[in-house]
Amino acid sequence: MQTRLFEQGDDGRVLTLAGRNLLRRAEAMERLAQDAATSTQEAGSQSLTGTVRISVAEGFGTWFISQHLASFANAYPQLEIDLVANSGFLNPTRRETDLAILLARPRKGPLVTRKLTGYRLGLYASHSYLRSAPKIIDAIDMKKHRLIGYIPDVIYAPELRYLDELPFAGHAQLRSSSINAQHQIAVAGAGIGILPGFIADPDAQLSRILPSIKIERSFWLTTHRETRGFPAVRAFSQWLVQLVAENQHLLHG
């Protein structure tokens, strides 16, 4: 026996009584399925144990990931998290780390890599420095100012050679191997730093100067082929991808 679910009304096809009853049952089944999926996900979060180790550039680890890490830790309370944020990277090929967030895409090794996000750097100085230093109207004025940057022979990645891309002959007089130290030197009013926007823009002590000067870079999320499917690795990767998607305004300025 066939049951009529729709009938033709003045405004088009509408549900019959049998159709409405079937719709209510279908909606109830959908709610049960959603509740079951949520319960399974929550149970998985609670039961996920072990350690996940992430190797990341010092600045991105300190000023971005660590600022949001509580949300991941709360979602996976039984999981231990090692955030290795320093100058240099652990090697995922040799299994030194579960995930690496690199400045360049690896060209060899049993690795799975995806572009995590682009980000922008610019020129920043403290308010106190700008009050006492010569005015900066255009790039030629930069000759009158001290630059803060990396130590050339201690740079651990070629992507950190920012001075070569400036539209003026840039030479850093105040140098450090640490981007966090460079940030603090700029905050202290010692000169003008080349800093990522996700570090400098939220800092009320710093001002962006010559905003037309932009340096673009990228972060690459890399895992070993044999460990990328591990539950802890997969969970952190998914969390991080979502996190950067929600914060593009901070990463790109």
Side-chain angles (χ1 to χ4, degrees), residues 41 44-45 48-73 75-76 79-122 150 154-165 177-180 182 194-199 201 214-253:
Q41 184 178 22
S45 298
L48 192 58
T49 61
T51 302
V52 59
R53 175 169 292 182
I54 306 100
S55 176
V56 59
E58 179 191 27
F60 193 58
T62 302
W63 296 93
F64 187 80
I65 293 180
S66 65
Q67 305 294 319
H68 302 275
L69 196 57
S71 67
F72 181 78
Y76 300 94
L79 191 63
E80 296 180 351
I81 305 159
D82 292 344
L83 183 64
V84 184
N86 53 20
S87 298
F89 300 98
L90 300 181
N91 193 326
T93 301
R94 297 198 296 265
R95 306 284 188 87
E96 295 174 346
T97 184
D98 298 308
L99 299 101
I101 302 165
L102 307 174
L103 292 168
R105 184 169 194 161
R107 298 185 179 276
K108 58 183 180 179
L111 303 173
V112 177
T113 301
R114 61 172 292 177
K115 184 177 179 180
L116 179 62
T117 183
Y119 68 99
R120 177 194 54 75
L121 303 99
Y150 283 98
V154 187
I155 289 179
Y156 64 88
E159 290 76 20
L160 301 178
R161 297 188 182 279
Y162 308 133
L163 294 175
D164 299 339
E165 299 180 32
S177 60
S178 164
I179 191 65
N180 289 337
Q182 293 176 40
I194 307 168
L195 300 171
F198 60 81
I199 294 178
D201 286 336
K214 301 175 184 178
I215 298 173
E216 305 288 339
R217 290 292 186 270
S218 298
F219 287 122
W220 298 84
L221 180 60
T222 303
T223 58
H224 194 282
R225 241 179 244 155
E226 294 180 2
T227 60
R228 66 169 174 158
F230 287 6
V233 174
R234 187 171 62 248
F236 191 88
S237 297
Q238 292 172 348
W239 172 81
L240 184 59
V241 168
Q242 181 64 31
L243 181 65
V244 298
E246 294 170 352
N247 287 275
Q248 289 297 294
H249 63 287
L250 180 61
L251 293 162
H252 289 283

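Only heavy atoms go into these numbers, but all of them, side chains included; no hydrogens, no water, no symmetry mates.
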Tell me the closest heavy-atom pair linking T93 and H224, and the distance in Å. O-CD2, 3.7 Å

Is there a side-chain contact between W220 and I101 (heavy atoms, below 4.5 Å)? no

For F230 and D98, what are the C-alpha separation, side-chain angles and deciding distance, and is it a side-chain contact (heavy atoms from CB on, under 4.5 Å)? CA-CA 9 Å; F230 287 6; D98 298 308; 5.6 Å; no

Who are the salt bridge (Lys or Arg N to Asp or Glu O under 4.0 Å) partners of R120, not counting sequence neighbours? D201

Reported NE2-to-CG distance for the pair H249 and N247, which is rounded to 0.5 angstrom: 5.0 Å

Would a 4.5 Å heavy-atom cut-off, applied to side chains only, mark L99 and P92 as touching? no

Restricting to side-chain hydrogen bond (donor to acceptor under 3.5 Å, both in side chains), what partner residues turn up for E246, sequence neighbours left out? Q242

For residues A157 and I155, report the shortest heavy-atom separation together with the two atoms involved. O-CG2, 2.9 Å

Say you draw a straight line from CD1 of I194 to OH of Y162; how long is it, rounded to the nearest 0.5 Å? 8.5 Å

When rounded to the nearest 0.5 angstrom, what is the spacing between CD1 in I199 and CD in Q182? 9.0 Å

Using 0.5 Å steps for rounding, measure from the CG atom of L251 to the CZ atom of F198. 7.0 Å

Should T49 and L79 count as side-chain neighbours, where that means a heavy-atom distance under 4.5 Å? no

Residues in salt bridge (Lys or Arg N to Asp or Glu O under 4.0 Å) with R217, at least two apart? E165

Is there a side-chain contact (heavy atoms from CB on, under 4.5 Å) between V244 and F64? Walk through the geometry before answering. CA-CA 9 Å; V244 298; F64 187 80; 3.8 Å; yes

Side-chain donor-acceptor contacts of residues 52-63 below 3.5 Å, not counting sequence neighbours, with atom names and distances?
unit_1, atom_1, unit_2, atom_2, d
R53, NE, D82, OD2, 3.4
R53, NH2, D82, OD2, 3.2
S55, OG, L90, N, 2.9
E58, OE1, S178, OG, 3.2
E58, OE1, I179, N, 3.1
E58, OE2, S178, OG, 2.9
E58, OE2, N180, ND2, 3.2
T62, OG1, E58, O, 2.8
T62, OG1, N180, ND2, 3.4
W63, NE1, N180, OD1, 2.7

Might you point out which heavy atoms bring L48 and A235 nearest each other, and give the distance in Å? CD2-CB, 4.1 Å

Please enumerate all residues that pass salt bridge (Lys or Arg N to Asp or Glu O under 4.0 Å) together with R234, with sequence neighbours excluded. none

Looking at residues at least two apart in the chain, or sitting in another chain, which of them share a side-chain hydrogen bond (donor to acceptor under 3.5 Å, both in side chains) with N86? none

Taking all atoms of both residues into account, what is the closest heavy-atom pair of S218 and Y119, and its distance? N-CE2, 3.8 Å

According to ring-ring contact (aromatic ring centres under 6.0 Å, His included), does anything in residues 86-112 pair up with another residue at least two apart or in another chain? List the pairs. F89-Y156

Taken in chain and number order and not counting sequence neighbours, the residues that satisfy ring-ring contact (aromatic ring centres under 6.0 Å, His included) with F72 are Y76, F236, W239

How would you list, by chain and number, every residue that makes a ring-ring contact (aromatic ring centres under 6.0 Å, His included) with H252, sequence neighbours excluded? none

Are L195 and L121 side-chain neighbours, meaning at least one heavy-atom pair lies under 4.5 Å? no

Which donor-acceptor pairs under 3.5 Å do side chains of residues 110-117 form with protein atoms, sequence neighbours excluded?
unit_1, atom_1, unit_2, atom_2, d
T113, OG1, T222, OG1, 3.3
T117, OG1, Q248, NE2, 3.0

With sequence neighbours excluded, what pairs up with E80 under the side-chain hydrogen bond (donor to acceptor under 3.5 Å, both in side chains) test? T51

Tell me every residue that passes salt bridge (Lys or Arg N to Asp or Glu O under 4.0 Å) with E96, counting only those two or more places apart in sequence or in another chain. R94

pair N91-T97: side-chain heavy atoms closer than 4.5 Å: no

